[in-house]
Amino acid sequence: MTISLIFPVLFGWFAGWIVNYLSDALPHTRKLSKPECLQCHAPFSLMDYLLFKSCENGHPRGKRVWVVQIAMTTLSIFVWLQPPSKLGYLPALLLLLYFGVVFVIDMEHRLILHMTSIVGALLALILGFVMHGWASALLGGLGGFLIMMGFYLLGVLFTRMRNKRLKAQGQEADEEEALGAGDVILVTILGFLVGWPLVWFLILLSILLGGFVSLLLVVGLLVTRKYEKNALMMFIPYGPYFITGAFLIVFIPRFLAYLVPG
Ligand SMILES: [Zn+2]
């Protein structure tokens, strides 16, 4: 039992390195570039990078690298012990790797990159096919796309109306959209993965998760008296919630039974 956990610990740690590396490199250079310091762009030697050393000018790597290493290792042990039915350990770990990269990059940069989307779409299509067959996987993606497109257009309309009102009041317009085109693409991909009709549930669950966390944040701000009127209009990246929703559906399907009777 204990000895057999060496594999998931090693693979999980390795997956953490990859998530950290891709989250460092892709948003800045859009390619698999040599690791460099995010603050001063001093290059890292591979060994220093893998050991999380500070750069030659003393900039530390930040807390995220450790959060990612621990999270990926823990998740790797979890899917080793309880691989999702029909997937098995390695495909599940690959999926977690994709989830991790999208989660971190969207949290840090409010960005969903096309290159992660292309790789993710291929992976989600294959895994979705294995889990529910072609029809459900393709319909899930199409359904996700259409539903999110509806929300997206509503969001654009809302932003326009708000800006018109702000301009009428002589205030500066704010161009930021709550829901980006990247979210539409992400839910299309996750729709391939969870299939039809669960993509409906994914969207609902993610919105509820997002609302719940925002509520906690606002309460936290109120309690610590850092609350400002603007806090309610602050931008929340939705990507991490969609990823969390998809994670729950694929990896902890039992919790579905609690929420959806029958
Ligand atoms: Zn540096």
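The figures here come from the full heavy-atom set of this structure, side chains too, leaving out hydrogens, waters and symmetry mates. Read the numbers this way: they start at 1 and go in the same order the structure lists the ligands and their atoms. A quick note: this is a predicted structure, and the numbers were derived from the prediction, not measured.
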Original post:
Who passes ring-ring contact (aromatic ring centres under 6.0 Å, His included) against F251, sequence neighbours left out?
Top reply: F247
Original post:
Could R110 and Y238 be counted as a cation-pi pair, given that NZ or CZ must be under 6.0 Å from the ring centre and within 45° of the axis?
Top reply: no
Subject >> S54: side chain to side chain donor-acceptor pair (under 3.5 Å) partners, not counting sequence neighbours >> reply: none
**OP:** Please write out which residues are connected to L216 in a hydrophobic cluster, directly or through intermediates, given that two of Ile, Leu, Val, Met, Phe, Trp, Tyr count as joined at side-chain heavy-atom separations below 4.5 angstrom.
**Re:** F212
Original post:
Leaving waters out, which protein N, O or S atoms fall under 2.8 Å from the Zn ion (ligand 1)?
Top reply: C37 SG, C40 SG, C55 SG, H59 ND1
Original post:
Between F52 and W66, does the ring centroid distance fall short of 6.0 Å?
Top reply: yes
Original post:
Linking I/L/V/M/F/W/Y whenever any side-chain heavy atoms sit under 4.5 Å apart, do V194 and M149 land together?
Top reply: yes
